[in-house]
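Counting starts at 1 for both ligands and their atoms, in listed order.
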Amino acid sequence: MMDSFTFPGLTTRVVFGAGTMARVEEEVRRLGHDKVMVLSTPHQRGDAERLAASLGGLTAGIFTGAAMHTPVEVTEEAVDAFRTSGASAVVSLGGGSTTGLGKAIAVRTGADQVVIPTTYAGSEMTDILGETAAGEKTTRRSPDIRPETVIYDVDLTLSLPVGLTVTSAMNAIAHAMEAFYAPDRNPVIVLMCRDAMVAFRDGIPRLIGDPRDRAARTHALYAAWCCSTALGYVSMALHHKLAHVFGGSFDTPHAETHAILLPYTTAFNEAAVPDLLAPITEAFGGGSAGGGLWDFAQSVGSPLSLKAIGIEEADLDRAAAIAVRNAYANPRPIDPGSIRELLQAAWEGRRPGD
Ligand code: NAD
């Protein structure tokens with residue numbers, strides 16, 4: 001029970017289900033557009049081409065060069081293609097990389113966005129855009145960045161490889177974990193995050209055995225929507241800061257980095273706000289939120305150590321120094337020594353508290 005809160009409302013329209021991709025045209029026209037550009041990564045070009053063909057005359061162009069961390073060179077090429085095509089909206093089909101490109105086009109051109117997420121990373125509900133220029137990643141927030149419509153089609157997630165299914169789910173859980181203690185949280189977001197913990201806990205283990213289990217995929221995609229909404233409407237803290245440090249300064253893979261850090265950042269903040277993180281312990285067991293998430297990560301084959309993704313022990317001092325350089329809100333005060341200890345445990349991969 002929260003004694004006081006502000007609920008800002010949710011502005012993005014959401015269409016959820018199996019086979020919902022058939023509703024792209026209807027949703028684009030609902031926004032008042034008759035020419036769109038379809039976006040994807042090179043890997044999902046086939047799906048993007050099929051979608052573009054199915055939209056017939058609505059398709060004014062297709063751009064399949066989306067890349068991780070939204071490099072500005074790619075965005076500039078895509079913006080040129082968008083302007084030449086005469087489109088007034090983008091349809092972004094893919095994970096966070098494709099959604100990021102759609103946002104980068106929208107913020108430069110005023111295009112509306114219809115996003116069709118195919119991972120659990122959670123960019124689709126947010127007003128956040130991270131972009132990379134000359135090797136530096138910067139992040140900004142603006143209402144112009146938030147997509148107008150999100151179409152979640154469970155069928156598109158059936159092809160998500162098991163490894164990315166697991167790490168992408170851990171990436172999503174990280175949004176919920178930080179939402180549970182966000183100073184600007186509200187009861188709607190907290191309820192969504194509680195539900196997401198249970199849905200991921202039930203869905204992900206089933207997908208290890210059968211990645212095409214449609215009911216389990218529905219659980220997982222529903223949970224991803226809840227977690228993306230949390231990321232999009234309340235503030236994040238230490239966990240997202242550390243993931244950004246490793247992704248930005250050590251070029252570690254996005255979803256794996258979140259997955260590895262999550263039990264450790266959870267345990268660190270649990271020392272300050274155990275009650276707020278109790279929904280995680282209730283969902284995952286293990287006697288503590290950090291321990292429960294580590295047990296879950298291990299049981300579903302998620303990577304457990306920074307060592308496993310190429311970080312050297314000697315890098316940890318620099319990572320800790322970058323992480324404490326600028327002040328930011330976090331439920332537990334941050335100091336270089338305790339962050340260095342957290343990173344040591346995450347580098348070794350030992351269960352938090354052991
Ligand atoms: P991604 O979008 O780079 O996808 C990884 C790979 O998997 C790509 O090759 C993609 O084409 C492929 N893929 C995606 N869905 C698939 C499917 N269903 N079947 C088969 N292959 C599929 O990875 P991601 O983890 O979704 O996104 C990471 C990026 O998103 C990072 O750049 C991160 O910074 C950004 N992000 C931004 C926000 C935000 O709010 N701004 C939130 C989360 C993530």
**Student:** Just to confirm my output: which protein heavy-atom neighbour is closest to atom 41 (N) of ligand 1, and how far is it?
**Tutor:** I128 O, 2.8 Å
**Student:** L164 heavy atoms, cut-off 4.0 Å: which ligand 1 atoms fall inside?
**Tutor:** 5 (C), 7 (O)
**Student:** Counting heavy atoms only, which part of T126 comes closer than 4.0 Å to ligand 1: side chain, backbone, both or neither?
**Tutor:**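 Within the 4.0 Å criterion, T126 contacts ligand 1 through side-chain atoms alone.
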**Student:** Do you reckon L343 sits in the same ILVMFWY cluster as I311, going by side-chain contacts under 4.5 Å, direct or chained?
**Tutor:** yes
**Student:** Closer than 4.0 Å to some heavy atom of S159 - which atoms of ligand 1 meet that?
**Tutor:**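 Listed by number with element: 17 (C), 18 (N), 19 (N), 20 (C).
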**Student:** One residue to check: L156. Relative to ligand 1, which of side chain, backbone, both or neither has a non-hydrogen atom less than 4.0 Å away?
**Tutor:**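 For L156, only backbone atoms sit under 4.0 Å from ligand 1.
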**Student:** Any cation-pi pair here, R332 with F268, using under 6.0 Å and within 45°?
**Tutor:** yes
**Student:** So if I count the atoms of ligand 1 from 1 in the order they appear, which ones are less than 4.0 Å from some heavy atom of K103?
**Tutor:**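 Checking each atom against K103, I get 39 (C), 40 (O), 41 (N).
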**Student:** Nearest protein heavy-atom contact for atom 15 (N) of ligand 1: which residue, which atom, what distance?
**Tutor:**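 For atom 15 (N) of ligand 1, the nearest protein heavy atom comes out as T118 OG1, 2.7 Å.
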**Student:** I'd like to know if R29 and D34 make a salt bridge, using a cut-off of under 4.0 Å between side-chain N and carboxylate O.
**Tutor:** no
**Student:** Where's the contact between T41 and ligand 1, heavy-atom distance under 4.0 Å: side chain, backbone, both or neither?
**Tutor:**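 For T41, only side-chain atoms sit under 4.0 Å from ligand 1.
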**Student:** Among all protein heavy atoms, pick out the one at the shortest distance from atom 32 (O) of ligand 1; state its residue, atom name and that distance to 0.1 Å.
**Tutor:** H69 N, 3.0 Å
**Student:** For atom 4 (O) of ligand 1, which of T119, L93, I145 has the closest heavy atom?
**Tutor:**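 Shortest heavy-atom distance from atom 4 (O) of ligand 1: T119.
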**Student:** Just distances here: any N/O of S168 and N/O of ligand 1 closer than 3.5 Å?
**Tutor:** no
**Student:** So which heavy atom on T41 is nearest to which on S97, and how close?
**Tutor:**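 Minimum heavy-atom contact is CG2-CB, 4.4 Å.
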**Student:** So, are R108 and E131 salt-bridged, with charged N and O less than 4.0 Å apart?
**Tutor:** yes
**Student:** Determine whether the side chain, the backbone, both or neither of K137 has a heavy atom under 4.0 Å from any heavy atom of ligand 1.
**Tutor:**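 It is the side chain that gets close, since no backbone atom is under 4.0 Å.
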**Student:** Taking distance alone, with N or O pairs closer than 3.5 Å, would you say T157 contacts ligand 1?
**Tutor:**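 No, T157 has no N/O under 3.5 Å of an N/O on ligand 1.
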**Student:** Does the side chain of E148 reach to within under 4.5 Å of the side chain of V114, using non-hydrogen atoms?
**Tutor:** no
**Student:** Could R194 and E282 be called an ion pair, given the rule that one side-chain N must be under 4.0 Å from one carboxylate O?
**Tutor:**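 Salt bridge: yes.
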**Student:** Where's the contact between L231 and ligand 1, heavy-atom distance under 4.0 Å: side chain, backbone, both or neither?
**Tutor:**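 It is the side chain that touches ligand 1; the backbone stays farther off.
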**Student:** For atom 39 (C) of ligand 1, find the nearest protein heavy atom and state the residue, atom name and distance (0.1 Å precision).
**Tutor:**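 Nearest protein contact, heavy atoms only, for atom 39 (C) of ligand 1 is S123 OG, 3.3 Å.
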**Student:** Hey, does F284 have a side-chain heavy atom less than 4.5 Å from the side chain of P263?
**Tutor:**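 Counting from C-beta outward, P263 and F284 never come under 4.5 Å.
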**Student:** What protein heavy atom sits nearest atom 31 (C) of ligand 1, and how far off is it?
**Tutor:**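 Answer for atom 31 (C) of ligand 1: M68 SD, 3.6 Å.
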**Student:** Going by the order shown, which atoms of ligand 1 are within less than 4.0 Å of some heavy atom of G96?
**Tutor:**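 Within the 4.0 Å cut-off of G96, ligand 1 contributes 2 (O), 24 (P), 26 (O), 27 (O), 29 (C), 30 (O).
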**Student:** Parallel, tilted or perpendicular for H239 and H258, by the 30°/60° rule?
**Tutor:** tilted
**Student:** Students should be able to answer this: which protein heavy-atom is nearest to atom 16 (C) of ligand 1, and at what distance?
**Tutor:**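 Answer for atom 16 (C) of ligand 1: Q44 NE2, 3.3 Å.
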**Student:** By number and element, which atoms of ligand 1 are closer than 4.0 Å to a non-hydrogen atom of G95?
**Tutor:**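 By the 4.0 Å cutoff, the relevant atoms are 2 (O), 26 (O).
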**Student:** With the threshold set at under 4.0 angstrom, would you say M125 reaches ligand 1 through any of its heavy atoms?
**Tutor:**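 Contact check M125 vs ligand 1: negative.
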**Student:** Would you mind checking which non-hydrogen protein atom is closest to atom 1 (P) of ligand 1, with the distance to 0.1 Å?
**Tutor:**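 The closest one turns out to be S97 OG, 3.4 Å.
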**Student:** Might you point out which heavy atoms bring M197 and A176 nearest each other, and give the distance in Å?
**Tutor:**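 Answer, listing the atom of M197 first, then A176: CE-CB, 3.4 Å.
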**Student:** Any side-chain heavy atom of R214 within less than 4.5 Å of one from L158?
**Tutor:**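 Touching, per the 4.5 Å side-chain cut-off.
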**Student:** Give the residue and atom name of whichever protein heavy atom lies nearest to atom 9 (O) of ligand 1, and the separation in Å to one decimal.
**Tutor:**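 Looking only at protein heavy atoms, the one closest to atom 9 (O) of ligand 1 is H43 CB, 3.6 Å.
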**Student:** Any heavy-atom pair between the side chains of Y152 and T20 that's under 4.5 Å?
**Tutor:**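 A side-chain contact is absent here, since even the closest heavy-atom pair is not under 4.5 Å.
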**Student:** Is R30 salt-bridged to E26, going by a charged N under 4.0 Å from an acidic O?
**Tutor:**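 Salt bridge between R30 and E26, a charged N being under 4.0 Å from a carboxylate O: no.
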